[in-house]
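Worksheet: the structure to be examined is printed underneath.
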Amino acid sequence: MSPKRYYTFMIEQELIDALKAGKDVTGLSEGGQIRQALKAWFAKQEIPVKATTKKTERKRVAARKRS
C-alpha cells in the first residue's frame with residue numbers, strides 16, 4: 001500500500017450530507033468518494049497522477065543483543 005498523508009479541511013454541511021448519501025448508494029466510504037472524485041478531477045484537468053505500487057519501507061527489527 002502506498003504511503004498516505006492526512007489532510008484536514010472544512011466542507012459545507014450539504015457536501016457532508018451528499019457524501020453520507022453516496023455511502024449508502026455506492027458502499028464507498030466518504031474518504032474513498034473524495035479520493036475517487038479527486039482522481040476524476042485531475043483526469044479532467046489533464047493533470048497526471050503518478051500511480052504508486054511501491055510498498056512503504058518498514059523498519060527492520062534490531063538484532064537481539066545478548067549480554
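Position 1 is the first residue of the sequence; numbering continues from there. Since the structure is predicted, the reported quantities are computational estimates derived from the model, not experimental observations.
- Between the Glu30 side chain and the Lys20 main chain, no donor and acceptor come within less than 3.5 Å of each other.
- Taking 4.5 Å as the limit, some side-chain heavy atom of Leu28 sits within range of a side-chain heavy atom of Gln36.
- Met10 and Leu38 are not part of a single hydrophobic cluster, where members link through side-chain heavy atoms under 4.5 Å apart.
- The heavy-atom pair separating Ser29 from Arg35 by the smallest distance is OG-NH2, 4.4 Å.
- Side-chain heavy atoms closer than 4.5 Å link hydrophobic residues (I, L, V, M, F, W, Y) into clusters, and following such links, possibly through other members, connects Ile34 to Trp41.
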